[in-house]
*Asks:* 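Below you will find the structure I want to go over with you.
Order of the sequence lines fixes the chain letters, A, B, ..., with proteins taken first and strands second; residue numbering starts at 1 for each chain. What you are looking at is a predicted structure, and each value in this text was computed from that prediction instead of being measured.
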There are 2 protein chains.
Amino acid sequence: MGKARENSTGTLGKALEVVHIIASSPVPLRFTDVLKLSDQPRGTLHRQISNLIEEGLLDLNRDHSYGLGLRLLELASRAWASNDFRAIAEPHLQRLHEQTGETVHLGVLRGIEVIYLDKVESRQSVRMYSQIGNTAPVYCTGVGKAALSALPDDELQARIAQIAFRRFTASTLPDAKALRQEIEQIRVEGNAYDREEHEADICCVAAPIHANNRHFVAGISVTGPAYRITPEVLQSWAGITRAAAAAIMANMATRLSPRA
Amino acid sequence: MGKARENSTGTLGKALEVVHIIASSPVPLRFTDVLKLSDQPRGTLHRQISNLIEEGLLDLNRDHSYGLGLRLLELASRAWASNDFRAIAEPHLQRLHEQTGETVHLGVLRGIEVIYLDKVESRQSVRMYSQIGNTAPVYCTGVGKAALSALPDDELQARIAQIAFRRFTASTLPDAKALRQEIEQIRVEGNAYDREEHEADICCVAAPIHANNRHFVAGISVTGPAYRITPEVLQSWAGITRAAAAAIMANMATRLSPRA
DNA sequence: CTGCAGTGTTCCATTATTTGGAACTTGATT
DNA sequence: AATCAAGTTCCAAATAATGGAACACTGCAG
């Protein structure tokens with residue numbers, strides 16, 4: 001199982017590495033656990049963690065395990081609220097949801113992951129806020145593949161080269177070749193699909209969004225359970241999904257970058 | 001007149017101060033704007049911001065203004081998902097919502113602010129995720145006053161002393177004396193109320209939650225529009241709100257701190 | 001076209017902070 | 001009471017941050 005990353009850019013980078021270690025662990029970590037996962041000496045790590053706790057980025061539980069601090073929630077709340085792209089997309093997501101009755105996602109590409117920025121769903125009873133802020137691999141999500149398809153070729157190759165393909169389900173794309181092939185298809189059709197490639201029984205249709213210069217790419221998707229959403233139904237949403245994406249891009253052009 | 005901000009504990013603290021400046025601004029800031037708001041030399045600030053962007057905590061927009069980075073969303077998403085207290089409270093919030101039909105909040109005390117950890121509401125059409133991660137002053141929210149009432153006296157006095165009272169509405173508590181008086185009342189009754197003290201037309205009934213040692217205090221509330229929720233109705237929810245808080249505390253005792 | 005002003009970016013000797021090893025404390029377990 | 005592991009503190013040495021000033025870029029006005 002992987003050690004940490006090699007991104008130790010200055011003090012800040014190291015501090016965030018510690019946060020990342022704690023964020024990534026499925027199980028609560030105590031001091032020595034973190035010590036083993038990081039490659040820092042005891043004294044150093046201890047001071048780092050103390051600082052992080054002081055700043056509210058980490059919390060010290062009573063059993064001496066560490067958790068993420070509430071300061072993060074506060075900052076994220078503002079990050080979300082002040083995100084122009086999300087604000088522009090919101091009404092279009094809403095409309096797409098009304099047209100389909102299924103869950104609609106907005107995600108942006110970050111490295112070789114998709115991070116979900118917004119979500120509109122009908123039944124709130126289950127896991128209301130679960131998706132926003134979550135990340136998923138590009139190569140097995142509709143939004144991810146849609147976003148990739150909007151990248152310039154050189155960028156695309158660079159990103160694909162970094163991916164470590166892992167099989168989530170029987171239909172997960174197995175390697176770079178299959179992914180490249182599918183990207184070509186998406187570029188022609190204008191839509192990406194996820195047919196139970198990440199989670200069993202979950203499928204979606206997606207469409208790409210990009211800024212003029214294609215340095216910023218994102219995607220939207222309509223998602224539903226495979227037992228209810230047949231391939232034909234999915235297909236039938238392709239057009240309105242593309243239309244919603246186009247509408248968002250049109251709004252971006254006018255409301256962002258007043259001096260294009 | 002207090003000193004300016006003295007929260008500059010090390011490099012990390014300064015970096016977060018920059019993040020805070022950008023998070024707090026209602027309007028996008030460019031480099032020189034931040035420079036004016038921070039008291040750091042140009043070169044230093046520039047490197048700090050560069051590092052923060054590198055780490056994903058800030059974003060550089062194309063018009064050279066800065067925004068909060070998506071890394072924050074990712075971390076916050078995990079912070080929220082892995083928060084034991086929130087997970088324990090969740091079903092109780094749900095039940096309280098079913099009993100009242102109104103919006104239910106869970107908030108914890110942090111300094112002299114309340115930070116909202118969770119929310120269950122009926123109509124999702126408006127501003128779904130708006131509340132979680134938001135902060136509000138203790139002295140004019142039901143959850144805040146409830147949480148305060150659970151603090152030991154010395155802690156209570158210390159916190160109250162830090163508050164700068166500001167009038168949000170006609171019924172906002174005006175000063176420390178009024179607040180102390182109300183806290184006494186809450187301690188006797190077991191419930192706190194907010195009668196349009198923060199926002200016009202918003203009122204709520206709340207109940208305190210605390211860990212055994214009272215170093216951790218929080219609160220839950222049932223909130224609704226004043227035009228629909230009469231004082232009598234509000235009063236009628238006091239009991240079930242207290243009951244929900246009690247149930248959460250009972251669960252905390254068994255599920256947290258396995259080695260009390 | 002040229003100079004000007006406002007912004008953003010880079011450089012590097014000085015300075016202050018972080019580092020890391022070891023010693024110390026705590027508190028559970030035998 | 002002794003032992004061991006986990007957590008905390010300390011300080012000289014190493015390293016990273018600082019901050020002042022110079023450099024570049026951009027649009028604007030003469």
*Asks:* How long is the line joining CZ of B:Phe31 and P of C:dT9, in whole Å?
*Replies:*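 The answer, rounded to whole Å, is 8 Å.
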*Asks:* Without decimals, in angstroms, what is the distance between B:Ile49 CD1 and D:dT18 P?
*Replies:*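 Those two atoms, CD1 and P, are 12 Å apart.
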*Asks:* Hey, what's the ring geometry for A:Phe85 with A:Phe216, parallel, tilted or perpendicular (30° and 60° as the breaks)?
*Replies:*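 Judged by the thresholds at 30° and 60°, the geometry between A:Phe85 and A:Phe216 is perpendicular.
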*Asks:* Check the distance between D:dA16's P and B:Glu54's CD and give it to me in whole angstrom.
*Replies:*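 From B:Glu54 CD to D:dA16 P: 15 Å.
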*Asks:* Rounded to whole angstrom units, what separation is found between the CG atom of A:Leu60 and the P atom of D:dA6?
*Replies:*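 Going from A:Leu60 (CG) to D:dA6 (P), I get 16 Å.
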*Asks:* Report the residues that fulfil ring pair (Phe, Tyr, Trp, His ring centres under 6.0 Å) with A:Tyr116, sequence neighbours left out, ordered by chain and then residue number.
*Replies:*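 A:His105.
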*Asks:* Grab the CG-P distance between B:Leu45 and C:dT9 for me, whole Å please.
*Replies:*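 Result: 11 Å.
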*Asks:* Among residues at least two apart in sequence or on other chains, which ones pass salt bridge (charged side-chain N to carboxylate O under 4.0 Å, His left out) with B:Glu184?
*Replies:*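 B:Glu184 satisfies salt bridge (charged side-chain N to carboxylate O under 4.0 Å, His left out) with B:Arg187 only.
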*Asks:* Compute the angle between the rotation axes at the two ends of the helix from C:dC1-D:dG30 to C:dT30-D:dA1, each taken over five pairs, rounded to 10 degrees.
*Replies:*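 Rounded value for the end-axis angle: 30°.
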*Asks:* Got a sec, which residues hit side chain to side chain donor-acceptor pair (under 3.5 Å) with A:Gln40, two or more places apart in sequence or on another chain?
*Replies:*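 Per chain and number, A:Gln40 pairs via side chain to side chain donor-acceptor pair (under 3.5 Å) with A:Gln48.
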*Asks:* Could you pull out all residues at least two apart from B:Ser38 that satisfy side chain to side chain donor-acceptor pair (under 3.5 Å)?
*Replies:*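 In terms of side chain to side chain donor-acceptor pair (under 3.5 Å), with neighbours along the sequence ignored, B:Ser38 is linked to no residue.
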*Asks:* Output a table of donor-acceptor pairs, distance under 3.5 Å, between side-chain atoms of residues 22-34 of chain A and any protein atom two or more places apart or on a different chain; print 'none' if there are none.
*Replies:*
from	atom 1	to	atom 2	distance (Å)
A:Ser24	OG	A:His20	O	2.7
A:Ser24	OG	A:His20	NE2	3.4
A:Ser25	OG	A:Val27	N	3.1
A:Ser25	OG	A:Val27	O	2.3
A:Asp33	OD2	A:Arg30	N	2.7

*Asks:* For nucleotides 14-20 of chain C, read 5' to 3', which letter fits each nucleotide if B means a protein heavy atom sits under 4.0 Å from the base, S means only the sugar-phosphate is that close, and - means neither?
*Replies:* ---SSBB
*Asks:* Within the structure, does a side-chain N or O atom of A:His46 lie under 4.0 Å from either OP1 or OP2 of D:dG7?
*Replies:*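 No.
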*Asks:* Quickly work out the A:Leu29 CG to D:dA6 P distance and round it to whole Å.
*Replies:*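 Whole-Å distance recorded here is 14 Å.
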*Asks:* For B:Leu35 and C:dG6, give me the distance from atom CG to atom P, rounded to whole Å.
*Replies:*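 Roughly 14 Å, once rounded to whole Å.
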*Asks:* Sequence neighbours left out, what passes side chain to side chain donor-acceptor pair (under 3.5 Å) with A:Arg214? Give chain and number order.
*Replies:*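 Listed in chain order: A:His210.
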*Asks:* Record whether the side chain of A:Arg42 comes under 3.5 Å of the base of D:dG7 through a donor-acceptor pair of N or O atoms.
*Replies:*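 Side chain to base: pair found, below 3.5 Å.
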*Asks:* So, is A:Ser50 close to the D:dT8 phosphate, meaning a side-chain N or O under 4.0 Å from OP1 or OP2?
*Replies:*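 It does not, given that no N or O in the side chain of A:Ser50 lies less than 4.0 Å from OP1 or OP2 of D:dT8.
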*Asks:* Any chance CD of B:Glu54 has more than 12 other-residue heavy atoms, nucleotides or ligands included, within less than 6.0 Å?
*Replies:*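 Open: at most 12 neighbouring heavy atoms sit under 6.0 Å from CD of B:Glu54.
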*Asks:* Does B:Arg180 have any side chain to side chain donor-acceptor pair (under 3.5 Å) partners at least two apart in sequence or in another chain, and if so, which?
*Replies:*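 B:Arg180: side chain to side chain donor-acceptor pair (under 3.5 Å) contacts with B:Gln157.
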